[in-house]
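Report on the structure given below.
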2 protein chains.
Amino acid sequence: MDRTTRHSETRYGNRPTMKDVAARAGVGLKTVSRVVNSEPGVTPDTERRVQEAIDALGFRRNDSARVLRKGRTASIGLVLEDLADPFYGPLSRAVEEVARAHGALLINGSSAEDPEREQELVLALCARRVDGLIVIPAGDDHRYLEPEIKAGIATVFVDRPAGHVDVDMVLSDSFGGAREGVAHLIAHGHRRIGFIGDQPRIHTATERLRGYHAAMRDAGITVEDGWVSLGSTDPERVRAAAEKMLSGPEPVTALFAGNNRVTVTAVRVIAERERPVALVGFDDIELADLLGITVISQDAAAVGRTAAEHLFHRLDGADHAPARVELPTTLIPRGSGELPPA
Amino acid sequence: MDRTTRHSETRYGNRPTMKDVAARAGVGLKTVSRVVNSEPGVTPDTERRVQEAIDALGFRRNDSARVLRKGRTASIGLVLEDLADPFYGPLSRAVEEVARAHGALLINGSSAEDPEREQELVLALCARRVDGLIVIPAGDDHRYLEPEIKAGIATVFVDRPAGHVDVDMVLSDSFGGAREGVAHLIAHGHRRIGFIGDQPRIHTATERLRGYHAAMRDAGITVEDGWVSLGSTDPERVRAAAEKMLSGPEPVTALFAGNNRVTVTAVRVIAERERPVALVGFDDIELADLLGITVISQDAAAVGRTAAEHLFHRLDGADHAPARVELPTTLIPRGSGELPPA
DNA sequence: CATCCTCGTGACAACGTTGTCCAGGGCCTA
DNA sequence: TAGGCCCTGGACAACGTTGTCACGAGGATG
């Protein structure tokens, strides 16, 4: 068996290459390349012959080789926390649409909120030489990205800031949103308000907590021990935290939920209680209108779109100093946040 | 300016290559390759010198070149309908987990239910030489995939069958699920039952309709004109269809919703009405428990996991005839499906 | 009729990596 | 001490594509 044959059986199954097409069409290699890339300088007759050979052989250009030669992969990487989280679906989709408009594909990965996995993913994407990266960070130290950024991989951080590295960021106004939501509860007469949030190492979680404290301080309310709970958004933990705040001699009369997962569990806990409890949640959730849940909404699609547009702007050559964009949030009153204290 | 310099400024920014590392470490090219790939046959001392050069230069292996040489990309493509749809989030995530376990990355794309875009995406992925493809088809003719499959790109179709091409498929039992759901309504006394589904060119939509008809036939009920509506899942259209069925002298007393988007709109329409209307929806939705919505649930994560496992099984060399797996659905009674006719 | 262009085409090198093969040095054994 | 073997390391080609350049034919121009 000669080497050529052995190769064509082991690599990519049996893919014809431009060389094969050229041989069959009786033209040179470069002419095939020209046809495949719609470059000028090929007579219609030659083009037809090449096209016939392409169709007959089922040839398709090998973009790996193309990438190697051209130095651009026409793909961008998106590292987020969990594709299955309803907050990230629309965000991903928005990024994808922008990428598509720029002729790029999207490589996706979930860090599962694990800094090590985030780094592993990001570096794998860099090794693939994605043109750009959009990262929703899990960790808080991103110095490992320095050589990559220096080497020219455009990078935008989303939802949470980057640690120890100077890059573009697109964030939501977590502080302002939470402050507004808590102030809304206070305006409806509440003073004993509980806050249930995500793990404190997550930036948005602490920002929202900061917003809570600011609103309470503005109203001259002293936050008591036991009104604040930060930790995993695991339903069991959230349930325990909520039940604790709602029990005892002086229970809270309202809850502020730090993100969509907390909100969902909080709604369940409150539904099981007799005494009504006011609730405002961060992040909108599907069917919240039917359940009458008041929320602070951030526009996930807008966040994704903005980040992707920034990225492609960089790829198109913009090299101003890294920018930090903060998108506003919206309070949507639907009933649960307007209940008076029981 | 000499050519080498020019190159290193235009390509990938300024990336060092193995050659650069080799020069700096004072070793041969192949030795660097060995270190990078943890191949045996390098003395600890040499390895250390190479590693230092790698760190100093910020070298990272170029996987494009590696792929070209090795013929495997360690990535798989997933083409679905819409990443933002809550049904596909968990599915994607499940696929990703399996891919990760096999050391592969996931390239994601949304067809937006457009057959042309589906084809465009699939072929772009093939040009990248993904090792395998998971496709939730939008179109119904996939002969364009024949050369790709012959060339060795493993392919699994999910959720809907492939058209005119013989490949592995992982489906949910749409027919059986819808039949069970409609039978459930009948068992609770309904005879006038409306069906609102997706566009008839979508396989799952017609299968679910078939299930509806089967259940009605089993009960000896003649389906009247106006009880069935197929079309886009656009809220406006669904709303109009639902309102029409619920009006007039002889309105339906129950609705079967053909998918998650239809269910959401149906819930809204029903909530606005005085007279109670029973409802069973295909696909579970978040908070459906709180709203008391009875659903036919398909396990999106299980579908994705199964498909991905099939795919990697193929990639590991399995070459039995294409299989067709059908996963069962589960009826989850929560109240809305158990209401008696008004 | 000579010269200059233009245009279509193809030969060749290069992209950065890995597989193959060979060379040289140290160690063991006879 | 000679011969053989193992171990480390490097030279080189190849993967499939694209950029550069050169060549030859044919038309236009003097």
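Computed over heavy atoms, backbone and side chain alike; hydrogens, waters and symmetry mates excluded.
Judged by distance alone, with hydrogens and angles left aside, the side-chain atoms of B:D168 form a donor-acceptor pair with the main-chain N or O of B:A323 at under 3.5 Å.
For A:N62, no side-chain nitrogen or oxygen approaches OP1 or OP2 of D:dC15 to under 4.0 Å. Taking 4.0 angstrom as the limit, B:R66 places a side-chain polar atom (N or O) nearer than this to OP1 or OP2 of C:dT18. A close approach under 4.0 Å does occur between a side-chain nitrogen or oxygen of B:R61 and OP1 or OP2 of C:dT18. Taking only side-chain nitrogens and oxygens, A:S33 comes nearer than 4.0 Å to OP1 or OP2 of D:dT18. B:K19 has no side-chain polar atom (N or O) that falls below the 4.0 Å cut-off from OP1 or OP2 of C:dT17.
Judged as a salt bridge (Lys or Arg N to Asp or Glu O under 4.0 Å), the pairs with a partner in residues 27-46 of chain A (not counting sequence neighbours) are, in order, A:D45-A:R48, A:D45-A:R49.
Listed by chain and number, the residues in a side chain to side chain contact (heavy atoms under 4.5 Å, CB included) with B:A301 are B:A94, B:D299, B:R305 (sequence neighbours excluded). Remark: B:L29 pairs with B:M18, B:K19 by the side chain to side chain contact (heavy atoms under 4.5 Å, CB included) rule, at least two apart or across chains.
Looking at heavy-atom distances under 4.0 Å, A:D63 makes no contact with the nucleic acid at all.
Nucleotide D:dT20 holds its P atom 14 Å from the CG atom of A:N37, rounded to whole Å. As rounded to whole Å, 14 Å separates atom P of C:dG10 from atom CE of A:M18.
With a 4.5 Å cut-off on side-chain heavy atoms, B:E47 and B:V50 do not count as touching. Contact of the B:L133 side chain with the B:V156 side chain is not registered, since no non-hydrogen atoms from C-beta on lie closer than 4.5 Å.
The ring-ring contact (aromatic ring centres under 6.0 Å, His included) test with A:F157 singles out one residue from A:H203, A:H310, A:H142, and that residue is A:H142.
Nearest to the side-chain atoms of B:K70 among the listed nucleotides D:dT17, C:dG16, C:dT18 stands C:dT18. Residue B:E39 has its side chain nearest to C:dG19 when only D:dT17, D:dT18, C:dG19 are considered.
Side-chain N/O atoms of B:N62 and A:R128 include no donor and acceptor closer than 3.5 Å.
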Within the sub-3.5 Å range, which N or O atoms of nucleotides 4-10 of chain D have a protein N or O partner, and how far apart are they?
residue : atom : partner : partner atom : Å
D:dG9   : OP1  : B:T43   : OG1          : 3.1
D:dG9   : OP1  : B:T46   : OG1          : 2.2
D:dG9   : OP2  : B:T43   : N            : 3.1
D:dG9   : N7   : B:R34   : NH2          : 3.1
D:dG10  : OP1  : B:G28   : N            : 3.2
D:dG10  : OP2  : B:G28   : N            : 2.4
D:dG10  : OP2  : B:T31   : OG1          : 2.7
D:dG10  : O5'  : B:G28   : N            : 3.4
D:dG10  : N7   : B:R34   : NH2          : 2.9
D:dG10  : O6   : B:R34   : NH2          : 3.4

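Applying the 3.5 Å distance criterion, the base of C:dT17 shares no donor-acceptor pair with the side chain of B:R69.
Two end axes, each from the C1' atoms of five base pairs, can be drawn for the helix from C:dC1-D:dG30 to C:dA30-D:dT1; they diverge by 50°, to 10 degrees.
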Hey, can you pull the donor-acceptor pairs under 3.5 Å for the side chains in residues 95-108 of chain A, sequence neighbours left out?
residue : atom : partner : partner atom : Å
A:E96   : OE1  : B:S110  : N            : 3.4
A:E96   : OE1  : B:S110  : OG           : 2.7
A:E96   : OE2  : B:S110  : N            : 2.6
A:E97   : OE2  : A:R93   : NE           : 3.0
A:E97   : OE2  : A:R93   : NH2          : 2.9
A:E97   : OE2  : B:R117  : NH2          : 2.9
A:R100  : NH1  : B:E120  : OE2          : 3.1
A:H102  : ND1  : A:V98   : O            : 3.0

